J.: 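Here's a structure for you.
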2 protein chains.
Amino acid sequence: MNSQEENILKSLPHKTIERLSQYRRALLFCFDEGKTHIFSHEIARILHITPVQVRRDLMLIGYSGTLRKGYNIQELIDLISTIIDSHEVMNVAIVGMGDLGRALVNYVKGKRHKLAIVAGFDNNPDKIGTVVADIPCYSIERLSKMIREKNIQIGIISVPRSYTTDIAAKLVEAGIKGILNFTPKPVNVPDHIYLEEYDMLTSLEKVAFYVKVSQEKEKSE
Amino acid sequence: MNSQEENILKSLPHKTIERLSQYRRALLFCFDEGKTHIFSHEIARILHITPVQVRRDLMLIGYSGTLRKGYNIQELIDLISTIIDSHEVMNVAIVGMGDLGRALVNYVKGKRHKLAIVAGFDNNPDKIGTVVADIPCYSIERLSKMIREKNIQIGIISVPRSYTTDIAAKLVEAGIKGILNFTPKPVNVPDHIYLEEYDMLTSLEKVAFYVKVSQEKEKSE
DNA sequence: TATTCATTGTTAATTAAATAACAATACAAA
DNA sequence: TTTGTATTGTTATTTAATTAACAATGAATA
Ligand SMILES: NC(=O)c1ccc[n+]([C@@H]2O[C@H](COP(=O)([O-])OP(=O)(O)OC[C@H]3O[C@@H](n4cnc5c(N)ncnc54)[C@H](O)[C@@H]3O)[C@@H](O)[C@H]2O)c1
Ligand SMILES: NC(=O)c1ccc[n+]([C@@H]2O[C@H](COP(=O)([O-])OP(=O)(O)OC[C@H]3O[C@@H](n4cnc5c(N)ncnc54)[C@H](O)[C@@H]3O)[C@@H](O)[C@H]2O)c1
């Protein structure tokens with residue numbers, strides 16, 4: 001990849017990156033259903049956004065459709081993949097193989113060529129040695145060694161809240177490059193590590209808030 | 001609630017609503033640790049945002065701290081609660097009691113006074129009749145009836161992808177007011193229903209993308 | 001062949017969100 | 001008492017994201 005292409009990548013808005021992932025997911029399903037082409041307004045409708053937004057994003061990544069047929073699904077999937085996927089497979093570990101850990105492993109399994117969960121870690125002897133969706137679960141003791149051996153670059157944290165800080169520190173120490181934290185305890189990591197946190201309670205409370213507001217509006221009308 | 005207060009609620013930026021949920025979560029933990037007051041820069045540090053952002057959000061909801069002690073944690077928790085929580089308890093149902101469903105039920109249980117998951121639904125006879133974190137799992141057949149009976153206003157979807165559309169339709173038909181969809185299949189709902197969708201693959205792909213970009217930067221240096 | 005039409009691609013404008021700037025304050029220390 | 005300092009609260013500015021506007025296109029149709 002030359003430095004011009006690199007600059008395109010770095011200049012893409014964060015929100016566009018998120019949508020590219022969503023576009024690809026939607027396109028893959030359309031492709032499976034036998035569709036070959038798709039219009040911007042069709043993509044927009046699936047994802048609850050505007051057609052202009054779709055076209056603008058595709059403009060940013062330099063993709064052109066055809067005037068009467070729209071976008072070639074296969075081509076667009078491939079282009080998005082060259083942009084958001086890494087060149088080599090990116091290996092992922094998940095720490096905490098409880099309910100959430102299992103859900104994630106099962107969900108991600110086989111979905112993406114360039115993204116592979118290759119190891120789970122837990123401290124519960126009942127979990128250690130088990131296999132979920134072909135992914136072996138190792139003792140947390142082996143975390144650092146395995147991360148280096150298997151060239152794991154991303155760590156997902158799904159342990160109980162009280163262990164979050166400790167696990168994050170272990171991942172950082174082991175040389176991880178990115179962390180996805182699903183526990184309700186925010187973590188602090190050095191700047192060179194990309195961190196993403198998500199808590200479903202915030203989503204749920206957001207839904208509850210807007211439901212409440214719309215109800216109060218109704219009442220007052 | 002008078003219409004002036006109502007207008008404040010409606011004018012709050014969406015991002016502020018999300019952060020209010022995060023502030024409260026962080027504040028609750030600080031409170032549990034015995035802290036009584038907190039500065040804007042402390043909140044900011046926990047949540048990886050700027051102190052100005054925190055102060056601005058608190059200004060929007062009309063809360064004032066004191067100059068030398070910062071914000072009273074208890075007071076702030078209470079104020080945020082009056083803003084984002086509903087007056088009466090808001091009841092929630094979760095459809096699909098698999099790994100993800102269980103993780104969510106366990107996580108939400110007892111966390112919020114005004115938000116209660118009161119029912120799970122599934123179509124698997126092995127799941128029907130079971131109880132997870134005190135929440136009974138009912139047959140999907142009874143969805144509509146139970147939603148009305150128990151005054152359930154929010155539905156969480158965590159069934160396999162192929163059933164998403166069907167479940168969403170059932171929830172809408174039963175008169176649900178808000179939907180939180182965790183499946184990778186986006187749903188369409190009428191305008192008066194508040195919809196929130198989240199897919200962890202997008203978060204993971206985002207992490208992978210920024211890890212890739214930072215690696216390419218390193219290489220080219 | 002000329003016209004209509006739906007669609008794309010792109011620039012311009014708008015809106016939303018975040019940040020900077022700074023006055024006001026109140027306490028601590030000199 | 002005065003000065004210095006850390007912090008809040010708020011307005012102004014900047015940046016990011018979205019939406020609007022519209023020319024260009026090219027296939028379908030008259
Ligand atoms: N972000 C979200 O949307 C969301 C949703 C649900 C749950 N959660 C959070 O995710 C986490 C996991 O939830 P869950 O329902 O899977 O819990 P769980 O108890 O089912 O699983 C936790 C797992 O972590 C393991 N573990 C505990 N300490 C460990 C350690 N020191 N090292 C390695 N493994 C350890 C346990 O043995 C267990 O297998 C919790 O923090 C929970 O609050 C987040
Ligand atoms: N958004 C995310 O972050 C995320 C993460 C993991 C999984 N997922 C998705 O969440 C969903 C659930 O994942 P999981 O790992 O819990 O799967 P799972 O198979 O463990 O659970 C699905 C449950 O739904 C039940 N079910 C199936 N059809 C049903 C129907 N018609 N009515 C009611 N119940 C029905 C099944 O019996 C099962 O109990 C899947 O769509 C998965 O792709 C999302």
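Quick note on labels: first sequence line is chain A, next is B, and so on, each numbered from 1. Quick caveat, the model's predicted, so the values are computed rather than measured.
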J.: Any side-chain heavy atom of B:Leu9 within less than 4.5 Å of one from A:Phe209?
T.: yes
J.: Which value, rounded to the nearest 0.5 Å, describes the distance between B:Ile43 atom CD1 and B:Leu76 atom CG?
T.: 6.0 Å
J.: Rounding to an integer number of Å, can you tell me how far A:Lys15 NZ sits from C:dA18 C1'?
T.: 13 Å
J.: Under a 3.5 Å distance rule, please check whether A:Lys111 uses its side chain to pair with a backbone N or O of A:Tyr107 as donor and acceptor.
T.: yes
J.: I need the A:Ile46 CD1 to B:Asn188 CG distance, nearest 0.5 Å.
T.: 9.0 Å
J.: Test B:Gln53 against B:Leu47 for side-chain contact (heavy atoms from CB on, under 4.5 Å), laying out the working first.
T.: CA-CA 11 Å; B:Gln53 182 83 84; B:Leu47 298 175; over 6 Å; no
J.: A:Lys109 versus A:Ile117: any side-chain heavy-atom pair under 4.5 Å?
T.: no
J.: Could you check B:Arg55 against A:Asp57 and say which one's nearest nucleotide on DNA chain D is further toward the 5' end?
T.: B:Arg55
J.: Determine the contact category for B:Thr16: base if any of its heavy atoms lies under 4.0 Å from a base atom, sugar-phosphate if only primed atoms, P, OP1 or OP2 are that close, otherwise nothing.
T.: nothing
J.: What are the 5'-most and 3'-most nucleotides of DNA chain D lying under 4.0 Å from any heavy atom of chain A?
T.: D:dA17 to D:dA28
J.: In Å and rounded to the nearest 0.5 Å, what is the OH to CG distance from B:Tyr71 to B:Leu79?
T.: 12.0 Å
J.: Return the angle between end axes of the helix from C:dT1-D:dA30 to C:dA30-D:dT1, with five pairs used per end and rounding to 10°.
T.: 10°
J.: Could you tell me the separation between the CG atom of B:Leu201 and the CG atom of A:Leu115, rounded to the nearest 0.5 Å?
T.: 7.0 Å
J.: If each of A:His14 and B:Thr66 is mapped to the nucleotide of DNA chain D with the nearest heavy atom, which maps nearer the 5' terminus, i.e. the 5' end?
T.: B:Thr66
J.: Quick one: side-chain contact (heavy atoms from CB on, under 4.5 Å) partners of B:Lys185, sequence neighbours excluded?
T.: B:Arg161, B:Thr164, B:Thr165, B:Thr183
J.: In whole angstroms, how far is the C1' atom of C:dA16 from the CD atom of A:Gln53?
T.: 13 Å
J.: Could you tell me how far apart A:Arg56 (CZ) and C:dT11 (P) are, to the nearest whole angstrom?
T.: 9 Å
J.: For residues 87-98 of chain B, dump all side-chain donor-acceptor pairs below 3.5 Å to protein atoms at least two apart in sequence or in another chain.
T.:
from: B:Asn91; atom 1: ND2; to: B:Lys150; atom 2: O; distance (Å): 3.0
from: B:Asn91; atom 1: ND2; to: B:Asn151; atom 2: O; distance (Å): 3.4

J.: Under a 4.0 Å heavy-atom cut-off, which of residues 17-26 of chain B touch DNA chain C?
T.: B:Arg19
J.: Going by number, which of residues 189-209 of chain A have a non-hydrogen atom under 4.0 Å from DNA chain C?
T.: none
J.: Send over the distance from B:Leu60 CG to C:dA18 P, rounded to a whole Å.
T.: 11 Å
J.: With sequence neighbours excluded, what pairs up with A:Ser203 under the side-chain contact (heavy atoms from CB on, under 4.5 Å) test?
T.: A:Tyr198, B:Leu180, B:Glu196
J.: To the nearest 0.5 Å, how far apart are CD1 in B:Ile179 and CD1 in B:Ile154?
T.: 10.5 Å
J.: Pick out the pairs of N or O atoms, protein on one side and nucleotides 23-27 of chain C on the other, that lie under 3.5 Å.
T.:
from: C:dC27; atom 1: O2; to: B:Arg68; atom 2: NH1; distance (Å): 3.2

J.: For B:Phe121 versus B:Ile140, what's the shortest heavy-atom pair and its separation?
T.: CB-CD1, 4.1 Å
J.: For residues 23-33 of chain B, which residue pairs pass the side-chain hydrogen bond (donor to acceptor under 3.5 Å, both in side chains) check, not counting sequence neighbours?
T.: A:Asp199-B:Arg25, A:Thr202-B:Arg25, A:Glu205-B:Arg24, B:Tyr23-B:Asp57, B:Arg24-B:Ser81, B:Arg24-B:Asp85
J.: Quick check on contacts: within residues 34-52 of chain A, what sits under 4.0 Å from DNA chain D by heavy-atom distance?
T.: A:Thr50, A:Val52
J.: So, applying side chain to side chain contact (heavy atoms under 4.5 Å, CB included) with A:Ile176, which one of A:Leu143, A:Ile152, A:Val189 is it?
T.: A:Ile152
J.: Any side-chain hydrogen bond (donor to acceptor under 3.5 Å, both in side chains) pairs touching residues 41-50 of chain B, not counting sequence neighbours?
T.: A:Glu197-B:His48, B:Lys35-B:Glu42
J.: Side-chain polar contacts of residues 61-68 of chain B - donor-acceptor pairs under 3.5 angstrom, sequence neighbours left out - could you list them?
T.:
from: B:Tyr63; atom 1: OH; to: B:Asn72; atom 2: N; distance (Å): 3.4
from: B:Tyr63; atom 1: OH; to: B:Glu75; atom 2: OE1; distance (Å): 2.8
from: B:Thr66; atom 1: OG1; to: B:Gly70; atom 2: O; distance (Å): 3.3

J.: Taking atom NZ of B:Lys114 and atom OG1 of B:Thr82, what is their separation to the nearest 0.5 Å?
T.: 10.0 Å
